[in-house]
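So the structure is just underneath, and the comments pick up after that.
From a predicted model like this one, the values you see are computed outputs, not experimental measurements.
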Amino acid sequence: MLIDLLITIDRGAGPCGDWVMIETGLRSASGRMRRLLNGGVMAGLILEESESSLAEVAGILGDGGVVVVPSRTNYVLICDAENEKAIARVFEAKKRTKFGPLTLAVPRIEDTEKYVGFPEGFGLPELKRIWPAEISFIFDLTYAFSPRMTMGANTVAVMYQRSCALNRLLEVFGRPVALTSANLSGQGNFVVTREKAIADVGGAVDAVLVNDRDDECVDVEAEGVNPSNTIVDFTFERPYLVRDGAYPPSLLLPVIPDLVLDTDAYKAALAKRLSVAL
């Protein structure tokens, strides 16, 4: 039974972005909060990160739920990577219609080899020299995930970031999640803050996990980097830089000496592959 109507004004600033939020909330006898945002949009359960809330959100994922959680680079929208219905809900929340496969976030680096094939000369030892880091690697897919997750592609991007709420949730959940930024599709590359995530997809998720750990956010202005994971594609004859993001590509060269850093060269290689496929 709902017993309290609360009105709150939150305000903050930091590397993850400045935000101001005016909310009304309905608190149940259990102390859980569901919030009505500006305009009356009902958001999912909003939980401050703690041991108990991590366990609760892991349970929501296990039941096929869709949640929002902070990563090092953005607030992200996630679900159980093996739940086809939950994956469909992620696409619905994003309103995504163009090609945009979900990323696979793993709870342990060693789990990666269960889902993908490594190219010659790059495997777990090399991966462990780089991860944890704000970089995603595209590999050939060897696991039978729902085709909706990869939008029919036989490749998948995999990530394992440094310490953040996402990683702590993955440790509790114990299985990989499918992931994308927690904003509506087609808006470009920018930092997705808590306010932005709740405004865009809050009404379509089951829970939003929040914290104020600015030390776990990439400070894109201070570090002079783009506000998303760097991406490298290993599915061509040579590895290509897809996107220059939060992890400096120059740091990859000692481990991946044949990495092609020219993103235009990647676009050309990808276009050639797609033309052959057609």
Next on the checklist: Go through it in stages, so that I can follow the logic: the residues are K95 and D200, the test is salt bridge (charged side-chain N to carboxylate O under 4.0 Å, His left out), and I'd like the CA-CA distance, side-chain angles, deciding distance and then a yes or no.
Outcome noted: CA-CA 10 Å; K95 295 181 171 30; D200 274 18; over 6 Å; no
Item to check | Steps toward side-chain contact (heavy atoms from CB on, under 4.5 Å) verdict (I78, V66) | outcome: CA-CA 6 Å; I78 68 172; V66 175; over 6 Å; no
Checklist entry - What do the steps show when you test L102 against F91 for side-chain contact (heavy atoms from CB on, under 4.5 Å), and what is the final call? => result CA-CA 9 Å; L102 304 182; F91 281 98; 3.9 Å; yes
Item to check | Candidate pair L252 and I135, rule side-chain contact (heavy atoms from CB on, under 4.5 Å), full reasoning | outcome: CA-CA 10 Å; L252 296 168; I135 180 167; 3.5 Å; yes
Next on the checklist: Please determine whether side-chain contact (heavy atoms from CB on, under 4.5 Å) holds for the pair K94 and L77, giving the CA-CA distance in whole Å, both sets of side-chain angles, and the decisive distance to 0.1 Å.
Outcome noted: CA-CA 9 Å; K94 288 278 293 185; L77 181 63; 3.8 Å; yes
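Side-chain contact check for R273 and T235: at least one donor-acceptor pair (N or O, by modelled atom type) lies under 3.5 Å. Between the side chains of K114 and T142, no donor-acceptor pair is found at a separation under 3.5 Å. A donor and an acceptor atom, one from each side chain of N229 and Y247, are nowhere located under 3.5 Å apart. Using modelled atom types and a 3.5 Å distance limit, the side chains of T73 and Q161 yield a donor-acceptor pair.
T155 and I138 make their closest contact through CB-CG2, 3.9 Å (heavy atoms, listed as atom of the first residue, atom of the second, distance). When all heavy atoms are compared, the tightest approach of F145 to E82 is CE2-CG, 3.9 Å. N211 and R213 make their closest contact through OD1-N, 3.3 Å (heavy atoms, listed as atom of the first residue, atom of the second, distance). Across A55 and V172, no two heavy atoms sit closer than the pair CA-CG1, 4.0 Å. A207 approaches I60 most closely through the heavy-atom pair CB-CD1, 3.7 Å. What you find for V76 and S71 is that their closest heavy atoms are CG1-OG, 3.8 Å.
Take V255 and apply the side chain to side chain contact (heavy atoms under 4.5 Å, CB included) test, not counting sequence neighbours, and it matches F122, E126, R129, I130.
Pairs passing the salt bridge (charged side-chain N to carboxylate O under 4.0 Å, His left out) check and including a residue from residues 167-176, sequence neighbours excluded, read E49-R168, D80-R175, R168-E216.
Ion pair D206/R89 flagged as a salt bridge, since at least one NZ, NE, NH1 or NH2 atom sits closer than 4.0 Å to an Asp/Glu carboxylate oxygen. Here R194 pairs with D212 in a salt bridge; the nearest charged N to carboxylate O distance falls below 4.0 Å.
Distance alone, capped at 3.5 Å, places no donor-acceptor pair between the R72 side chain and the C164 backbone.
Taking the side chain as every heavy atom from C-beta outward, S228 and N74 approach each other to under 4.5 Å. Taking 4.5 Å as the limit, every side-chain heavy atom of D264 sits out of range of all side-chain heavy atoms of Y266. Here the side chains of D233 and F139 are not in contact, with every heavy-atom distance at 4.5 Å or above. Here the side chains of I198 and V68 are not in contact, with every heavy-atom distance at 4.5 Å or above. L47 has its side chain within reach of E56: a pair of non-hydrogen atoms, C-beta onward, lies under 4.5 Å apart. Residues V201 and N183 form no side-chain contact, since every pair of their non-hydrogen atoms from C-beta on lies 4.5 Å or further apart. A 4.5 Å side-chain heavy-atom check between L261 and L253 finds at least one atom pair inside the cut-off. In this structure, V67 and L61 have side chains that are in contact, with non-hydrogen atoms separated by less than 4.5 Å.
By the 6.0 Å and 45° rule, R108 does not stack over the aromatic ring of Y160.
For the atom pair M149 CE and L179 CG, the distance stands at 9.0 Å (nearest 0.5 Å). Of the inter-residue distances, the one linking I46 atom CD1 with S53 atom OG reads 12.5 Å to the nearest 0.5 angstrom. Rounding to the nearest 0.5 Å gives a distance of 6.5 Å between CG of L124 and OG1 of T112. Atom NZ of residue K128 and atom CD1 of residue I109 lie 6.5 Å apart, to the nearest 0.5 angstrom. Of the inter-residue distances, the one linking T230 atom OG1 with M159 atom CE reads 11.5 Å to the nearest 0.5 angstrom.
Ring pair Y115/Y143 is perpendicular by interplanar angle, where above 60° counts as perpendicular and below 30° as parallel. Between Y240 and F236, the ring-plane angle classifies as perpendicular under the 30° and 60° cut-offs.
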